Each structure stands twice: as C-alpha cells, then as structure tokens.
Visitor: 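Take a look at the following structure, please.
Owing to the predicted nature of the structure, the values given are computational and were not obtained by experimental measurement.
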Amino acid sequence: MSAPRLERVAAPKRRLPWFRIAFGLVGLVLAAAWIVPKISAARYREPVRQALERSLGRTVDFSELKFRLLPLPGFTITNLTVGEDPKTGAEPMAYVGTVRAIPRVESLFSGSLALASVDLDDAYVTLTRVDKPREGVSWNFATMVKPAGAAAFPSVHMRSGRINFKFGDTKSIFY
C-alpha cells in the first residue's frame, strides 16, 4: 500500500498592515530630514543672497547656508548681516544669528528665488528715524513697507533678540 498523497495548498497572500507602510514612510522622511542638511548648499548661496537683497532692499551677507526639510523645506542661514542705507547711517540695520527661510512654491519653478517667510533667531534690529529738513521725517524701513516692496517682502517672525530704536544719536532698546 502506498501512503496517501497530500496535495499542496497555496497559502493565502498576506497583506502588509497599514501601520508597517506608515512606519516605513515615517522612517524615509526622518532619514531624508537627517541627510538633507548635510547636502552642500554652496551653489545656492548667491541666489539666496540676491533674493534676500531684493526682498529687503539692502545689502546682505551671511556665513553659512544649509538645506532644511522639516518642519517645512527651506534654508537655514547663519550669521546674517543686513546693511543700512548709506544715507541713514553706517551701522548695519540687522544682525541675525539664525534665519530659517522658506521659499515661495511658484518661485521654485520660475528660476527666480522669492521667499514666503523668514524666521529670525537672536536678531538685533536697528530702526532708525531720520529727520530731513526739506523732506520731513523718514524711517530706514520705509522702503520695505511701500506697496512695491511689500509685495516681494516675506512674512517675518522674530523669536528672540531685540529691536533698537535710533533717533539721531540716541538709541533706545525694546526687548
């Protein structure tokens, strides 16, 4: 007598649970967030500097530029100096320890980088009032808030630092 023959039955296909897929996606995003800041952003230094100068209407200089993925894609800029209008004074308008800049989505496709928002950490900003005998009173930030400048001006958020109000040679501080 021969032994009864057993037939092979195909095992049902197992589906990956949704939490494994979600866990994998979160892992990919976190890995990318860790890798992206390590990618050199040196080739974007000049376009970012020019975008800041266009937005602020002032000369701009900074020491380092890095990419950033989380919480929103953008750039991190360290040691930013915003120059002053020579007619107003010689002291720079702002020193900022860290700037997080988020570009406008449409500017990524146009070739001309424009910023949607800028977050300032450890900022020291000097707002100067200039009394001109024939023209009246003006402020060093007046060109930034005119309609033509305001359209390109990004949303600015200041987290820490101080604002100096300068009237002639007198400077008062607001923390």
Visitor: Between Leu127 and Asn164, is any pair of side-chain heavy atoms under 4.5 Å apart?
Guide: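 No - every pair of side-chain heavy atoms lies 4.5 Å or more apart.
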
Visitor: With hydrophobic residues grouped by side-chain heavy-atom distances under 4.5 Å, do Ile77 and Val156 end up in a single group?
Guide: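 The answer is yes; both residues are in one hydrophobic cluster.
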
Visitor: Tell me, please, whether Tyr44 has Arg49 positioned over its six-membered ring: NZ or CZ under 6.0 Å from the ring centre and within 45 degrees of its axis?
Guide: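 Relative to the ring axis of Tyr44, which defines the angle, Arg49 lies outside at least one limit.
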
Visitor: Kindly give the heavy-atom pair with the smallest separation between Pro47 and Arg43, and that separation in Å.
Guide: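 Nearest pair, atom of Pro47 first, then Arg43: CD-O, 3.8 Å.
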
Visitor: Hey, are the side chains of Val118 and Val99 touching, using non-hydrogen atoms and a 4.5 Å cut-off?
Guide: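 Side-chain contact under 4.5 Å: yes.
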
Visitor: To the nearest 0.5 Å, how far apart are OG in Ser117 and CZ in Arg104?
Guide: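 It comes to 9.5 Å.
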
Visitor: If hydrophobic clusters are built from ILVMFWY residues whose side chains come within less than 4.5 Å, do Phe62 and Phe67 share one?
Guide: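 Yes, same cluster.
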
Visitor: Just do the side-chain hydrogen bond (donor to acceptor under 3.5 Å, both in side chains) check on Ser160 and Asp122 with the steps written out, would you?
Guide: CA-CA 5 Å; Ser160 64; Asp122 299 323; 3.1 Å; yes

Visitor: Which heavy atom of Pro73 sits nearest a heavy atom of Pro103, and at what distance?
Guide: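 Looking at all heavy atoms of both residues, the shortest contact is O-CD, 3.8 Å.
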
Visitor: Does Arg68 come within less than 4.0 Å of Asp119, counting only side-chain N to carboxylate O?
Guide: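 No, Arg68 and Asp119 are not salt-bridged.
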
Visitor: Tell me whether Met93 is reachable from Met158 by hopping between hydrophobic residues (I, L, V, M, F, W, Y) whose side-chain heavy atoms are closer than 4.5 Å.
Guide: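 Both belong to a single hydrophobic cluster.
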
Visitor: So how far is it from Leu65 CG to Glu46 CD, rounded to the nearest 0.5 Å?
Guide: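 The CG atom of Leu65 sits 11.0 Å away from the CD atom of Glu46.
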
Visitor: So do Val60 and Leu80 actually touch side chain to side chain, heavy atoms under 4.5 Å?
Guide: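 SC-SC contact between Leu80 and Val60 confirmed.
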
Visitor: Applying a strict under-4.5 Å side-chain criterion to I, L, V, M, F, W and Y, I'd like to know whether Leu120 and Tyr124 cluster together.
Guide: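 Result: no, two separate clusters.
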
Visitor: Could you tell me whether a side-chain N or O of Glu64 sits under 3.5 Å from a main-chain N or O of Thr78, the two making a donor and an acceptor?
Guide: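 Not at all, since once roles are kept as given, no pair shorter than 3.5 Å links the two residues.
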
Visitor: Measure the shortest side-chain to side-chain distance between Thr98 and Thr76 over non-hydrogen atoms and say whether it is less than 4.5 angstrom.
Guide: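 Contact flag for Thr98/Thr76 side chains = yes.
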
Visitor: Closer than 4.0 angstrom, basic N to acidic O: yes or no for Glu84 and Arg58?
Guide: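 Looking at Glu84 and Arg58, the cut-off is met.
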
Visitor: Which residues pass the salt bridge (charged side-chain N to carboxylate O under 4.0 Å, His left out) test with Arg100, sequence neighbours left out?
Guide: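 In terms of salt bridge (charged side-chain N to carboxylate O under 4.0 Å, His left out), with neighbours along the sequence ignored, Arg100 is linked to Asp121.
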
Visitor: Please report the interatomic distance OG1(Thr128) to CZ(Phe165), rounded to the nearest 0.5 Å.
Guide: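 It comes to 10.5 Å.
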
